[in-house]
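Have a look at the structure below before the remarks.
Owing to the predicted nature of the structure, the values given are computational and were not obtained by experimental measurement.
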Amino acid sequence: MFAWWRLWAEPTDNEHGWHASFGELAPAEIICGLTDALVTSPSPADTAPLDALDAAGWLIDAQGAASSPDGTCRVERRTEERDDSEVSWHIEVRDPDRGRFGPRLWEARFAARTPQPLVNAVVTALADPSPLQRGMHDRTAHYSVVQEPSPLTPKQVVEAHTARLDAIRAGARAARRRHKKPVTAPARVSTAQPAVRR
């Protein structure tokens with residue numbers, strides 16, 4: 001896969017590093033699922049990515065993969081051979097006219113140790129049935145995409161985008177407040193002095 005978009009998190013003293021990559025035609029809304037979650041520092045996930053897809057009506061197989069109802073998108077959970085607790089994720093979208101074995105339109109990969117809330121955010125965006133707002137004949141759209149005039153005015157599209165950014169900023173501020181430790185004055189340290197003799 002030729003990755004057009006890559007995100008890397010370097011390892012720290014108390015966290016593992018990870019990386020995610022997206023192909024050229026990955027919709028911005030899908031990538032934003034990840035970047036928005038990075039900004040708002042989501043709390044630890046209590047559901048698995050496949051649970052979110054199952055709730056959205058995707059088909060889950062015994063190998064740990066989910067397929068969209070139309071069969072064009074597949075999300076696979078993969079475990080490392082040396083350590084089955086190391087889980088990576090792979091998303092692949094194929095030509096809707098040819099199904100699972102047709103030409104690939106785009107893919108995304110999440111390395112082992114990518115935080116699960118970030119993967120959840122991406123699959124939630126992926127399963128969202130809302131239409132994507134694009135300019136007519138936008139080159140990022142596949143030829144088979146059904147294009148319909150939007151009922152939204154350009155002003156409403158801008159307002160919705162602005163509201164989304166405002167919500168992200170508010171979430172980021174709330175996350176910073178949660179992680180901020182209370183500042184307390186250091187305790188006064190006094191050292192005992194030997195008694196003075198006169």
Side-chain angles (χ1 to χ4, degrees), residues 3-9 18-58 66-75 89 91-97 104-110 114-180:
W4 278 58
W5 310 101
R6 287 192 176 124
L7 291 96
W8 292 86
W18 57 270
H19 66 273
S21 58
F22 297 86
E24 175 188 8
L25 295 179
E29 292 82 355
I30 305 301
I31 299 170
C32 286
L34 176 67
T35 58
D36 291 358
L38 279 171
V39 173
T40 56
S41 301
S43 55
D46 54 356
T47 61
L50 292 179
D51 295 339
L53 295 174
D54 187 35
W58 288 43
S67 297
S68 61
D70 63 1
T72 60
C73 184
R74 185 169 171 84
V75 177
W89 293 89
I91 298 171
E92 195 170 71
V93 178
R94 300 252 176 204
D95 185 328
D97 295 334
R104 182 175 40 233
L105 299 179
W106 64 269
E107 68 181 317
R109 294 179 185 267
F110 303 89
T114 301
Q116 190 168 305
L118 301 181
V119 179
N120 280 356
V122 171
V123 298
T124 299
L126 188 63
D128 185 349
S130 304
L132 304 179
Q133 299 294 326
R134 296 288 184 271
M136 194 61 101
H137 309 296
D138 188 320
R139 78 165 207 78
T140 61
H142 186 262
Y143 70 87
S144 68
V145 166
V146 176
Q147 295 190 359
E148 296 178 3
S150 174
L152 303 176
T153 65
K155 182 180 179 188
Q156 289 171 317
V157 172
V158 170
E159 287 171 350
H161 181 65
T162 303
R164 176 182 154 269
L165 293 176
D166 289 344
I168 291 167
R169 286 186 193 106
R173 283 192 298 271
R176 281 193 299 273
R177 282 193 297 270
R178 280 194 309 268
H179 291 29
K180 198 176 200 181

Minimal heavy-atom distance between Ala20 and Leu34, with the atoms involved, is CB-CD2, 4.0 Å

Only one of Leu53, Leu105, Leu126 passes side-chain contact (heavy atoms from CB on, under 4.5 Å) with Cys73; say which it is.
-> Leu126

Flag, side chain of Ser68 to backbone of Thr72, donor-acceptor distance under 3.5 Å = yes

Testing Phe110, Trp5, Trp106, Trp4 for ring-ring contact (aromatic ring centres under 6.0 Å, His included) with Phe22, which one passes?
-> Phe110

Leu7 side chain near Leu38 side chain, heavy-atom distance below 4.5 Å = yes

Nearest 0.5 Å please: distance from the CD1 atom of Ile30 over to the OG1 atom of Thr35.
-> 11.0 Å

Minimum heavy-atom distance between Ala52 and Val123, given as atom pair plus value = CB-CG2, 4.3 Å

Inter-residue atom distance Leu118.CG - Asp36.CG, 0.5 Å rounding = 11.0 Å

In sequence, state the C-alpha distance, the side-chain angles, and the governing distance for Val122 and Trp89, and then conclude on side-chain contact (heavy atoms from CB on, under 4.5 Å).
-> CA-CA 11 Å; Val122 171; Trp89 293 89; over 6 Å; no

Are side-chain heavy atoms of Ser67 and Trp58 found at a separation under 4.5 Å?
-> no

Any side-chain heavy atom of Arg104 within less than 4.5 Å of one from Glu92?
-> yes

Heavy atoms of Ala125 and Gly33 approach each other most closely as CB-CA, 4.4 Å

